[in-house]
Amino acid sequence: MARNVLGGELATCGTDPMTGFYRTGCCDTGSEDAGVHTVCAQVTAEFLEFSAQQGNDLSTPRPEYGFAGLRPGDRWCLCADRWAEALAAGMAPPVVLEATHARTLDWVDLADLRRHATTQR
């Protein structure tokens with residue numbers, strides 16, 4: 001059973017759009033997930049713009065991959081290092097702690113995640 005950063009069972013991050021490396025709605029990870037998509041974030045317009053500037057455009061639809069593009073307010077499993085990069089730039093989006101995988105703590109301090117926490121819905 002996957003654990004979240006608080007030590008509990010990993011909750012679902014989002015299913016509309018379906019997120020997660022394995023597209024299960026959870027920010028679970030494994031050896032195939034080289035990007036470590038473990039941070040359950042509620043994306044903001046500012047973060048989406050920042051991510052695009054860093055070379056990862058999450059807003060543009062990519063129908064060939066079944067990806068409709070993200071809009072502000074969507075929940076998405078972000079790469080732990082991308083969230084840490086956004087944090088350092090002052091652009092980190094809110095996170096759902098209950099749905100953020102414990103492996104995230106290899107990249108980000110729990111105190112930083114708590115400062116950006118939003119509630120699970």
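Just so you know, these numbers use all the heavy atoms, side chains as well, and skip hydrogens, waters and symmetry mates. Every value quoted in this text rests on a predicted model; they were computed, and no experiment measured them.
For N4 (side chain) and A102 (main-chain N/O), no donor-acceptor pair under 3.5 Å exists by modelled atom type. Without hydrogens or angle criteria, T24 side chain to C26 main chain gives a donor-acceptor distance under 3.5 Å. At distances below 3.5 Å, at least one donor-acceptor pair connects side-chain atoms of D74 with backbone N or O atoms of R71.
Shown here are the side chain to side chain donor-acceptor pair (under 3.5 Å) partners of R3, two or more places apart in sequence or in another chain: there are none.
F67 is connected to L48 through a chain of hydrophobic side-chain contacts under 4.5 Å among Ile, Leu, Val, Met, Phe, Trp and Tyr, so both are in one cluster. A continuous path of ILVMFWY side-chain contacts below 4.5 Å connects W83 to L70, so both sit in one hydrophobic cluster. Linking Ile, Leu, Val, Met, Phe, Trp and Tyr residues whenever their side-chain heavy atoms come within less than 4.5 Å places L110 and L87 in a single cluster.
Heavy-atom neighbours of E49 CD from other residues, nucleotides or ligands within 6.0 Å: at or below the threshold of 12.
Side-chain contacts under 4.5 Å among hydrophobic residues (ILVMFWY), followed directly or transitively, place F21 together with Y22.
Side chain to side chain, T38 and T104 meet the donor-acceptor criterion of an N or O pair below 3.5 Å.
Disulfide check for C77/C27 passes, with the SG atoms closer than 2.5 Å.
Proximity of the aromatic rings of W76 and H37 is defined here by a centroid distance below 6.0 angstrom, and this criterion is not met.
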